[in-house]
Amino acid sequence: NRVTAAIQTQIVSSPDSKQRKSLVKRCIEIATECEKIKNFAGVQQIMLGITIYVDKLTKTFKLSQKHSEIKNRLETLLAPDENWKNWRQRLSNTTTAYVPYLGLFVQEITFIKDGGGGIIEIDLKSSSVDRNESDTDKIIHIGWDKYKKISERLAHIESLQSRELEFEVVPDLMYQHYFAR
């Protein structure tokens, strides 16, 4: 992901620990703002950028207690433990529109698709089922539950696209400065 890579590159390429610390603090603040406006994809991307490689820079992460607590809270929220339990709970409690982390949806759909329960063929020649000579050699069973689950996930993504995000309209300051004279 470009956002994650850009954050990692920017922090790691900073020449001194004060600048790295400042960048990490700013990223944490931006992630918090993304969470407030329900841009969960942004939260995920920013926190991945901070935690994957940059966490190893111990001097960088001697943060204030406030920033450490926010970072720890967001890391706990985004932990993949128990199939993203905290993350899923947060999303299920969100009733308004939000920008989802699509990687989670792709992962779910892939697991459903690759899991069992699709089209099942039963070979009657090798089974002990009594049958007449006119019967076919195979029975095909379609596991509708699997396709129903995929359909539900896709419908959820589609419903997110139809909701309106709630933003506060801020007048364009550049426009006012240059054109509204």
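Residue numbers start at 1 and run along the sequence shown.
Taken from OG in Ser159 to CG in Leu154, the straight-line distance is 11.0 Å, to the nearest 0.5 Å. Once rounded to the nearest 0.5 Å, the distance linking OG of Ser64 with NZ of Lys71 reads 12.0 Å. Here the CG atom belonging to Asp145 is positioned 9.5 Å from the CD atom belonging to Glu152, to the nearest 0.5 angstrom.
Under the 4.5 Å side-chain heavy-atom criterion for Ile, Leu, Val, Met, Phe, Trp and Tyr, Val106 and Ile150 are members of distinct hydrophobic clusters.
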Exercise for review: Output, in order, the C-alpha distance, side-chain angles, deciding distance and verdict of side-chain contact (heavy atoms from CB on, under 4.5 Å) for His156 and Glu108.
Suggested key: CA-CA 12 Å; His156 183 72; Glu108 288 177 337; over 6 Å; no

Practice item. Could you go through the side-chain contact (heavy atoms from CB on, under 4.5 Å) check for Arg90 and Glu35 one step at a time? Key: CA-CA 11 Å; Arg90 171 69 170 149; Glu35 183 184 25; 3.5 Å; yes

Practice item. Could you please spell out the steps behind the side-chain contact (heavy atoms from CB on, under 4.5 Å) verdict for Ile50 and Met47? Key: CA-CA 5 Å; Ile50 292 173; Met47 293 309 295; 4.2 Å; yes

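The two residues His67 and Ile28 come nearest to each other via the heavy atoms O-CD1, 3.9 Å. Cys27 approaches Ile46 most closely through the heavy-atom pair O-CG2, 3.4 Å. The two residues Asn39 and Gly42 come nearest to each other via the heavy atoms OD1-N, 2.9 Å. Here the closest heavy-atom approach between residue Leu23 and residue Ser14 is recorded as CD1-OG, 3.0 Å. Of all heavy-atom pairs spanning Gln45 and Ile7, the tightest one is O-CD1, 4.4 Å.
Comment: Glu29 does not engage Lys25 in a salt bridge, judged by the lack of any side-chain N to carboxylate O separation of less than 4.0 angstrom. Electrostatic pairing of Lys36 and Glu33 counts as a salt bridge here, judged by a charged N lying under 4.0 Å from a carboxylate O.
In this structure, Ser92 contributes its side chain and Gln89 its backbone to a donor-acceptor pair below 3.5 Å. Judged by distance alone, the side chain of Lys146 and the main-chain N or O of Lys113 form a donor-acceptor pair under 3.5 Å.
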Which side-chain N or O atoms in residues 76-85 pair as donor and acceptor under 3.5 Å with protein atoms at least two apart or in another chain?
residue : atom : partner : partner atom : Å
Thr76   : OG1  : Asn72   : O            : 2.8
Asn83   : OD1  : Arg88   : NH2          : 3.2
Trp84   : NE1  : Gln107  : OE1          : 3.2

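The environment of Arg153 atom CZ is dense: over 12 non-hydrogen atoms of other residues, nucleotides or ligands sit within 6.0 angstrom.
Residues passing the ring pair (Phe, Tyr, Trp, His ring centres under 6.0 Å) test with Phe40, sequence neighbours excluded: Trp87, Tyr98.
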